[in-house]
*Asks:* 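Have a look at the structure that comes next, please.
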Amino acid sequence: MDLKKHIRGVPDFPKPGILFYDISTLLAHGEAWQAAVRRLDDALRPHRPNLLVGIESRGFLVVAPLAYSLGCGFIMVRKKGKLPGPTIPLTYDLEYGSDTLEIQADAIKPGARVIVLDDLLATGGTLGATIRLVRMVGGEVLAAACIIELAFLEGRKRIDVPFTSVVSYES
């Protein structure tokens with residue numbers, strides 16, 4: 001199945017000149033969504049994770065069915081101020097400024113076998129920062145994955161673990 005047929009490109013969103021890759025149309029098509037989850041499951045199962053980490057907010061949609069399918073737990077990495085209880089922050093640079101992600105301080109036990117997931121890899125800043133954050137709290141990051149990779153932005157170069165995507169756009 002060609003999953004690209006189920007991903008909508010939205011021009012000039014969120015600002016002029018940006019082409020937004022919208023997975024809501026993929027999520028709305030049951031067979032395509034199942035195929036995407038199955039492909040990620042097949043790619044990630046050999047790593048034998050015991051915990052998945054999803055990045056706010058579309059990453060949560062990717063993580064939940066995979067955690068269920070793989071039989072492991074999942075946790076959320078969110079923007080600053082969104083998680084209850086003690087958190088560990090990490091501020092990182094973006095192309096146009098900086099942002100801060102947080103993880104709950106007790107979310108990952110040292111040595112946990114973790115895979116980090118999001119919906120899309122662009123420049124790699126957010127995914128790379130999340131990998132660093134998971135390591136800061138003692139997780140062993142085995143791999144990272146996304147549904148969509150914008151390969152022309154070369155974000156994969158900023159990821160220092162095996163990386164998998166289901167769909168890749170070369171330009």
*Asks:* Which residues satisfy the ring pair (Phe, Tyr, Trp, His ring centres under 6.0 Å) test with F163, sequence neighbours excluded?
*Replies:*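 Residues passing ring pair (Phe, Tyr, Trp, His ring centres under 6.0 Å) with F163: none at all.
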*Asks:* Quick one: OG1 on T126 to CG on L121, what's the gap to the nearest 0.5 Å?
*Replies:* 9.5 Å
*Asks:* Short question: side chain of D119, backbone of G59 - any donor-acceptor pair under 3.5 Å?
*Replies:*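 Not confirmed, D119 side chain does not pair with G59 backbone.
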*Asks:* With hydrophobic residues grouped by side-chain heavy-atom distances under 4.5 Å, do I55 and V62 end up in a single group?
*Replies:*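 Different clusters: I55 never reaches V62 through Ile, Leu, Val, Met, Phe, Trp or Tyr contacts under 4.5 Å.
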*Asks:* Quick check: is M1 connected to V37 through a chain of hydrophobic side chains (ILVMFWY, heavy atoms under 4.5 Å apart)?
*Replies:* yes
*Asks:* Membership question, hydrophobic clusters at under 4.5 Å side-chain separation (ILVMFWY): are V166 and I7 in the same one?
*Replies:* yes
*Asks:* What is the distance from atom CD1 of I75 to atom CD1 of I108, rounded to the nearest 0.5 Å?
*Replies:* 3.5 Å
*Asks:* Would you mind listing every ring pair (Phe, Tyr, Trp, His ring centres under 6.0 Å) that reaches into residues 12-35, with sequence neighbours excluded?
*Replies:* H6-H29, F13-F20, Y21-Y169
*Asks:* To the nearest 0.5 Å, what is the distance between CG (L40) and CD1 (I147)?
*Replies:*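 Here the rounded value is 6.5 Å.
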*Asks:* Sorted by first residue and then second, give each ring pair (Phe, Tyr, Trp, His ring centres under 6.0 Å) pair with at least one member in residues 41-78; sequence neighbours left out.
*Replies:* none
*Asks:* Quick one: CG on L127 to CD on E149, what's the gap to the nearest 0.5 Å?
*Replies:* 10.5 Å
*Asks:* Would the distance check show the side chain of S69 and the main-chain N or O of P65 forming a donor-acceptor pair, the cut-off being under 3.5 Å?
*Replies:* no
*Asks:* Looking at every heavy atom in both A144 and I159, which two are closest together, and how far apart are they?
*Replies:*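 Heavy-atom minimum between the residues: CB-CG2, 4.3 Å.
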*Asks:* May I have all residue pairs that pass salt bridge (charged side-chain N to carboxylate O under 4.0 Å, His left out) and include part of residues 63-73, sequence neighbours excluded?
*Replies:*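 Every pair satisfying salt bridge (charged side-chain N to carboxylate O under 4.0 Å, His left out) with a residue in residues 63-73: there are none.
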*Asks:* Sort out for me which residue in L142, L117, L52 forms a side chain to side chain contact (heavy atoms under 4.5 Å, CB included) with L44.
*Replies:*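 For L44, the side chain to side chain contact (heavy atoms under 4.5 Å, CB included) test succeeds with only one of L142, L117, L52, which is L117.
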*Asks:* Between T123 and R158, does the side-chain contact (heavy atoms from CB on, under 4.5 Å) criterion hold? Intermediate values first, please.
*Replies:* CA-CA 8 Å; T123 62; R158 295 178 75 179; 4.0 Å; yes
*Asks:* Just grab all the side chain to side chain donor-acceptor pair (under 3.5 Å) pairs involving residues 72-83, residues at least two apart or on different chains.
*Replies:*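 For residues 72-83: E56-R78.
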*Asks:* For E170 and A151, work out which heavy atoms get closest and say how close.
*Replies:*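 Scanning both residues, the minimum pair turns out to be OE1-CB, 3.5 Å.
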*Asks:* Going by the rule side-chain contact (heavy atoms from CB on, under 4.5 Å), which residues pair with A105 if we only count those two or more places apart in sequence or in a different chain?
*Replies:*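 A105 satisfies side-chain contact (heavy atoms from CB on, under 4.5 Å) with P86, I88 only.
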*Asks:* Determine whether D41 and L66 satisfy the following criterion, side-chain contact (heavy atoms from CB on, under 4.5 Å), listing intermediate values before the conclusion.
*Replies:* CA-CA 6 Å; D41 181 301; L66 277 169; 4.0 Å; yes
*Asks:* Which residues satisfy the side-chain contact (heavy atoms from CB on, under 4.5 Å) test with L90, sequence neighbours excluded?
*Replies:* A129, R132, L133, M136
*Asks:* Could you state whether L27 and I148 fall into the same hydrophobic cluster, counting links through intermediate Ile, Leu, Val, Met, Phe, Trp or Tyr residues with side-chain heavy atoms under 4.5 angstrom apart?
*Replies:*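 Looking at the clustering, I148 is in the same group as L27.
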*Asks:* Among I23, L120, L3, whose side chain to side chain contact (heavy atoms under 4.5 Å, CB included) with V167 holds?
*Replies:* L3
*Asks:* Working to the nearest 0.5 angstrom, can you tell me the gap between E140 CD and I115 CD1?
*Replies:*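 Here the rounded value is 10.5 Å.
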*Asks:* Any side-chain donor-acceptor pair under 3.5 Å between T100 and E102?
*Replies:*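 Judged by distance alone, the side chains do not pair up.
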*Asks:* Not counting sequence neighbours, which residues clear side-chain hydrogen bond (donor to acceptor under 3.5 Å, both in side chains) with S98? List them please.
*Replies:* none
*Asks:* Any chance you could measure I103, atom CD1, to L101, atom CG, to the nearest 0.5 Å?
*Replies:*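 Here the interatomic distance stands at 10.0 Å.
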*Asks:* Name all residues meeting the side-chain hydrogen bond (donor to acceptor under 3.5 Å, both in side chains) criterion together with K157; count only those two or more places apart in sequence or in a different chain, and write none if there are none.
*Replies:*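 In terms of side-chain hydrogen bond (donor to acceptor under 3.5 Å, both in side chains), with neighbours along the sequence ignored, K157 is linked to E154.
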*Asks:* Is it the case that more than 12 heavy atoms not belonging to R45 sit under 6.0 Å from its CZ atom?
*Replies:*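 Atom CZ in R45 is packed in, count exceeds 12.
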*Asks:* Could you tell me which non-hydrogen atom of C72 sits nearest to which non-hydrogen atom of P49, and how far apart they are?
*Replies:* CB-O, 4.0 Å
*Asks:* Is it possible for you to say whether L51 and V63 belong to one hydrophobic cluster, with membership spreading through side-chain heavy-atom contacts below 4.5 Å?
*Replies:*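 Different hydrophobic clusters.
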*Asks:* Check A43 against T164 and note the closest heavy-atom contact, atom names and distance.
*Replies:*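 Looking at all heavy atoms of both residues, the closest pair is CB-CG2, 3.6 Å.
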*Asks:* Return the set of residues passing side-chain hydrogen bond (donor to acceptor under 3.5 Å, both in side chains) with T25 (not counting sequence neighbours), or none when no residue passes.
*Replies:*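 Here no residue qualifies.
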*Asks:* Listed by chain and number, what are the side-chain contact (heavy atoms from CB on, under 4.5 Å) partners of V141, not counting sequence neighbours?
*Replies:* V116, I131, V134, R135, V161
*Asks:* Using the side-chain hydrogen bond (donor to acceptor under 3.5 Å, both in side chains) criterion, which residues pair with R113? Sequence neighbours excluded.
*Replies:*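 With sequence neighbours excluded, R113 shows a side-chain hydrogen bond (donor to acceptor under 3.5 Å, both in side chains) to no residue whatsoever.
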